[in-house]
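Notes follow the structure.
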Amino acid sequence: WDEPLLFELTSPGERGVGVPTTDLPVPALPAGLARESAPQLPELSQLHVLRHYLRLSQENLGVDLNIDVGQGTCTMKYSPKVNDTFVVDQRISELHPLQDESTVQGVLEIIYRLEGLLKEISGMDRVSLQPGAGSAAIYANVSMIRAYHASRGEAEQRDEVITTMFSHPSNAACAKVAGYKVITLMPDEDGYPDIEALRAAVGPRTAALLITNPEDTGIFNPRIEEFVRLAHEAGGLCCYDQANANGILGITRARDAGFDLCHFNLHKTFSTPHACGGPAAGACGVSEALVPFLPRPTVEFDGSRYRLEDDRPESVGKIRPFYGVVPNLVRAYAWIMSMGAEGLREVAETAVLNNNYLMAKVLEIRGVSAPYAKGRRRVEQARYSWEQLNADTGIHSEQIGVRAADFGTHYWTSHHPYVVPEPMTLEPTESYSQADLDEYAAILAEVAREAYEEPEVVRTAPHRSTIHQLRQESLDDPDTWAVTWRAYRRKLGAGA
Amino acid sequence: WDEPLLFELTSPGERGVGVPTTDLPVPALPAGLARESAPQLPELSQLHVLRHYLRLSQENLGVDLNIDVGQGTCTMKYSPKVNDTFVVDQRISELHPLQDESTVQGVLEIIYRLEGLLKEISGMDRVSLQPGAGSAAIYANVSMIRAYHASRGEAEQRDEVITTMFSHPSNAACAKVAGYKVITLMPDEDGYPDIEALRAAVGPRTAALLITNPEDTGIFNPRIEEFVRLAHEAGGLCCYDQANANGILGITRARDAGFDLCHFNLHKTFSTPHACGGPAAGACGVSEALVPFLPRPTVEFDGSRYRLEDDRPESVGKIRPFYGVVPNLVRAYAWIMSMGAEGLREVAETAVLNNNYLMAKVLEIRGVSAPYAKGRRRVEQARYSWEQLNADTGIHSEQIGVRAADFGTHYWTSHHPYVVPEPMTLEPTESYSQADLDEYAAILAEVAREAYEEPEVVRTAPHRSTIHQLRQESLDDPDTWAVTWRAYRRKLGAGA
Amino acid sequence: MAHPYIPNSVPAVRERMLKAVGAASVEEFYADIPESIRLRRPLDLPAPLRSEAELVRHLDGLLARNTPGALSFLGAGCYQHHVPAVVDEVATRSEFLTAYAGEPYEDHGRFQALWEYQSLMGELLELDVVNVPTYDGFQATGTALRMAGRVTGRRTLLIVGPVDPDKLSKIADYVRPDHDVVLVDAAAVADLDLSADVAAVYCETPNYHGILDASVPALAARAHAAGALLVAGCNPISLGVVAPPSAYGADIVCGDIQPLGIRMSFGGGNAGFIATRDDPRLVSEFPSRLFGVIPTTVEGEYGFGDVDYERTSFAVREEGKEWVGTAAALHGIMAGVYLALMGPQGMREIGETILANTAYAQRRLAEIPGVEAPSAAAGQVSFADFLVRFTGSLTAAEVNTRLLALGIHGGKVLSATDALYCVTEIHTREDIDRLAQALEEITA
Amino acid sequence: MAHPYIPNSVPAVRERMLKAVGAASVEEFYADIPESIRLRRPLDLPAPLRSEAELVRHLDGLLARNTPGALSFLGAGCYQHHVPAVVDEVATRSEFLTAYAGEPYEDHGRFQALWEYQSLMGELLELDVVNVPTYDGFQATGTALRMAGRVTGRRTLLIVGPVDPDKLSKIADYVRPDHDVVLVDAAAVADLDLSADVAAVYCETPNYHGILDASVPALAARAHAAGALLVAGCNPISLGVVAPPSAYGADIVCGDIQPLGIRMSFGGGNAGFIATRDDPRLVSEFPSRLFGVIPTTVEGEYGFGDVDYERTSFAVREEGKEWVGTAAALHGIMAGVYLALMGPQGMREIGETILANTAYAQRRLAEIPGVEAPSAAAGQVSFADFLVRFTGSLTAAEVNTRLLALGIHGGKVLSATDALYCVTEIHTREDIDRLAQALEEITA
């Protein structure tokens, strides 16, 4: 398909769904609050709306359709279909969050039990499931850090947060939003966070260390205890971004390394679907000292009834409406229950095995390397570099990725800035088979071969995608960018 | 995708789903009844099974994806998604048919109400919803005809059934299975069933007239009352195949033309999805005289409770297990309820308008004609002929159809034998828009142009399908046909 | 106001289209329908539920009067098994759900999925030929018997009981013009003189009462010696542990695939299979479509098409074998997904669990005074279904009424004393114990 | 035994792969993890539910302790509307549900669907710039206010109440380092001297109490005169009949799209929108992704990409605007499907029905002795949410308890006397009458 835009399919007078109408009188609206002309929404019959979106869906991939190992750091794993059935069930989907607690004991129990599972998995003392996603959980943790220091009268003094370059940018960005200055540690020559830089950075102004481990390079920081100790000695808190927890489930825990706070992305490690970019779900784990600051409400259990506790005077308050992205909490709960301790460890070990297997395959390809920590293993992902290939052929990593789309798959480079030149980040997780990994490596090998032997094929890709090469320039120019059809009509449309 | 065969994806040791196991002792099986070696089913993880079938689904079309007007006689209409939601509901899907009637009053009420709706739509006195599909309903009607004549002691005497060439082949075939000789009336030169042939055929051996109207050519037999009268005068029953009822809903009814029996295909006229070829659902309507012979059980209502009545001594008995394809009965009920009398008439009128509009467009294309009843309108479908194009170019109708697949659509020729040479049968129903019909006609026009100007393109099609031209020969040769992977391995597989 | 399901119901569009075809009104298209049979009044139907919200509310009100989910021991031809979510996911894909027959190119996916279903069933049955599903197991049995009749040219069909009386009703109606049906007990077959007019001996494993009858394997030799075919019914979900009928010489195997991942749906989940050896004499008697794999013009590519199409009524009308039409293709695809998920290990495990549960249930119930498990008592092994006999003061139907009050569906009542109970892999030991405790209370 | 979700858990495969990478065991891959932080015991978790059937049964047991479907008058930020089945169909497509960020080529469909969502919201809001959804309306409001702060460089945020206290809590936490929040009544704004430090005036239409406040349209002029921006919240489902805030001069419009076809899911159905004019000064302050349509090398073809990517934390870490991450994209696609289905006619009808129902409910309840509808009494028009005051002996909470016993969820309790009730298009006149009759009984 090359499906047109919805707005081009309009047929005046058609409609997609009937709506209850009423004989009751419609009150007149106050002056200035009555809409004067109907919104220019398209008009289509139901089948035509459906067909449009079904065709668009076929112009998309996803974990279920392709060998989705190329979105490193994203932990693209299988989201079991059975877990979806629980959340489309009316006993979840049709619950109002303000219903009397007696009518929602089941969902409260699921939240409570999930907290319990994540407490054990992280070793922390309490876990809040309110944040809407990973970055929201990072923000919630930073907000708790701020409240903690404020409760000790150190809010003014501690105005710096330390993070590392290979931690997710949201660690830096959330700290900034919360009012902190951000100090970013660069990797040392082995790719580990530079401990000397940390020593130089910590001090009485340190509010917290925000750190991912293993980092987005797939490298585990073996001096993590010392990092935590240094931050603690300076009076700072330590907050563990566990976005990359998939390879270490049951192997090591936030508590074991001394962290005060941590967060998980339930849509990564705990299998809830990525949904084109959310809804996701985040979980914040904290040690006893931070419990008073957790977002409100918490779910409590008195041995017979579950209830929501909103009376939390020191709480940072609400992070989002109501109690979190409940459907994803249910899915994550079901997933963990289908795994158990042994299963989680099997997940971790298989993900790590898959990653190291894929790495061995990839490193056989001409022009690619895995910078840092030469000869050492990675945990569940690896950041590669096409620097050599680029030097040899002039082809960039992004171009390799675009050409991979012609083979029905794709990959992601890395966050900016590109510390690793011409980056590519792969994370095979436990969901893909050996044959999948072989096939994926073979695709990369073929594109690399093309880059050396028929570079024009790569340079002019894609050739078998829905669309052809984009003219990106217009996206940064206010005169031509078009975020909506309205804007497009105005700026670029030939009376469309 | 060009998805491999499931059997080629096997990876020994993998499995797709966990099964409850037990500590209870497993009894030993009698000699000869224990399986000796495990079935050679493929072994795949859950994601890999899912991916396989999702990719296969993307290699398929359907009403929702393409402009599905080319499967004439099949009434490819939109099956509303909301109606699917009722049948995946556990309150339908998880009902056992032998549950106490007190626990299934809702579904019994739906069946009872649907019978009521179809009684009014057909004008008949009772309707059985047990048959699994249209042909099963034809067979049930023939069986009732046989029982009727047997009850009057005329079973031996009346051993002939009369049908027409443009009625569905199942009318002839079911009559044959029920033990009847089949007399098939050919069309007269205008394409109407030949009334003189009928006069010659009816007589004391006539058990019934089985007739479709409008026939598969889209032509309505205007002498239908006379046909019915002639059959009745000979002591035969008249049975109306209403597979093509979509264009005449609320316009004319089986009862109005004097029929004794009729049947509907709920998956055609009443919108239940075609499901790659079933499950479907059939409905048999009968006049008072035939009621005793209806399949058992019937659903009865005493003003407060619905119940199943199995005590029907003259019944032909069971046509299928239990009470019919209940999910499709629920869908059909919901569809009729969303339409009402006015809506059904709008369906009929729009389907007929769409058909005549499309016919006008198609007849503008070089090489195509609509044989019979020149200059007259069709009801909801039309059978065309590419005879002229074939004479001009040597291209057959089947080849045009294959080439149409390259444009994301398709069509069906006609049942055998091809009375209309180089046939093509189109039925746009009410579901498609004017723009859809224009696009479909444009595709046919383009392929016809190619047939005249670049015939090789058509002759070597498909070019953009999942697969390339088939080598059909092997399908009729017992040495090469392969209905299963087992057979393929044995006959053709290189040790696969 | 345009209807959401009818794009061209927009009045302006209708006018435009009428004009394009030169018609003053849609009445012109109905010119061939005589006035005498025109319905000149609106149909007398309930007012439409024009909004989806109202429709949902109406149906919800009706569905609320159904009660699924109670602990149930009903089987008898419709089985409660766990349906993996992936089966539903595939079955509800628009591309499969809303497609129809199609052609091998644009609907390649459906052809492949159905051919794979045939192949998976072929492995399970150890037979090379399996049809695209027919409506249900009743139809499959009727057709299998008619096939045997056509192959042998004989009239008598020997049905080895017990057989579901509803199935027998269907068979009797279906074969009436050409065959005489004789019902005999398995035990009686040994004594029977199989005359030269016997077309087929039909048996089931497990049979209607759930019994895996030890005398069945010997039937093939007796049938074949008399020139008859052995037509065997079986429950495909048993075949991970139970021998497929081909192993003891069955010529035609048939049954219903509802247990393989298809929901009960108040009896709407059936689909019938028929399987044979790859013998042209048998293959040419199938009425159903048989998809075959074939090469394409591109090396290594597979395509699919109809095997021996000239058999069918599509090809030669009443000269074909019985008839073929829309039947239950999607249920075939679903059973295929189910078997692909289960694999050999899953099929073995589910078979063992059901065997174990069936044995345990009989043992447990037979401990209750006034309750007997006659098959088990006779040393017979049952699969899923099993007979329960109530020798106390309550009839089997009365027992059911009291069980229902305790939230339990008892088995299908067969007589005043007997009922057919059923357990599958979804029953836990605790479920069976709960039944037993309830029966203890009731019959005490 | 291999786990169905972990293909390479097959022991033979693991061995093969270990061998291929030259590792003796997976322990080698963990060489960098010091022994001191290794967890040398199994996690203490419940035994796994290894079969899907057991998992389903376990979850079913938990879900059985939830009771949806009672007649409910709860709103207050989470709304019960009819969700068309097509929305669910699209939302559950594997291709959308299991994809992530992707790239514009192989995930073209997702980019287009989200751009179309932006466009549909743009039409509804009459604004040219709409973001890819953020988590929820609370976040959208917090960000909209911070955007105003960055544009104006000012500190004070003037919040015109009533505002949901939970939302206020979120705002307070979110803007704390950079802004002071001042809460005022709509009525009080007229008297207020808008100082030079006001970054934004924030108002809602309808507001927390459901009121369409007649004084709101005048706020823009007042804010602009003081050099502040007007940030306006709205309920997008009202916009078929209610004027979009852009019509009265709002600079930034924000809110939650849950009402547009997303199920309540115990409060899990949120997603936030932020919209502005196409003014680079505003556009450059968005933290969210903004997809733009662009040409490709093929004439007439559309592609999509990120507008002004350098704004984001993805591009420049803490130098970006706030942050961007996984948020609620699928809810955006769902809202897009909803708006495409509804069209202008559907949005007008639903707006009218809700307005009419809200008015009727207030009229009807106010007839009951001891029950008042203070907004209606004050001549104010409400949309969906409306205030109810109980002046009799029972508190609003006590009324709720008694309603629950009658199978009705009363409104959100605001105080001893006041509660916030809600009706939408799914409520029939009979539903409202049933509530009224129940309240008559209870308060009698």
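This structure is a prediction, so every number in the text was calculated from the model and none was measured. Throughout, a chain's letter reflects where its sequence line sits, starting with A, and its residues are numbered from 1.
- For A/Ala405 against D/Glu106, the heavy-atom pair with the smallest separation is CB-CB, 3.9 Å.
- A pairwise comparison of heavy atoms in A/Pro39 and D/Pro344 identifies O-CB, 3.5 Å as the closest pair.
- Side chains of D/Glu116 and A/His52: a donor-acceptor N/O pair is present below 3.5 angstrom, by distance only.
- For chain A, no part of D/Val316 is nearby; none of its heavy atoms comes within less than 4.5 Å.
- Residue D/Leu239 touches chain A through both its backbone and its side chain, counting heavy-atom pairs closer than 4.5 Å.
- Between A/Val352 and D/Tyr30 the shortest side-chain heavy-atom distance falls below 4.5 Å.
- Partners of D/Thr296 under the side chain to side chain contact (heavy atoms under 4.5 Å, CB included) rule, at least two apart in sequence or in another chain, are A/Ile467, A/His468, A/Leu470, D/Val298, D/Glu301.
- Just one of A/Val49, A/Leu41, A/Val19 meets the side chain to side chain contact (heavy atoms under 4.5 Å, CB included) condition when paired with D/Met342; it is A/Val19.
- Judged as a side chain to side chain donor-acceptor pair (under 3.5 Å), and not counting sequence neighbours, D/Arg429 has no contacts.
- At a 4.5 Å heavy-atom cutoff, the contact between D/Tyr248 and chain A is made by side-chain atoms alone.
- For a residue to count as touching a neighbouring chain, one of its non-hydrogen atoms must lie under 4.5 Å from one of that chain's; by this rule D/Val293 touches chain A with backbone and side chain alike.
- By the 30° and 60° cut-offs, the orientation of the rings of A/Tyr323 relative to D/Phe266 is tilted.
- Between A/Lys176 and D/Glu322 no salt bridge is recorded (no basic side-chain N to carboxylate O distance below 4.0 Å).
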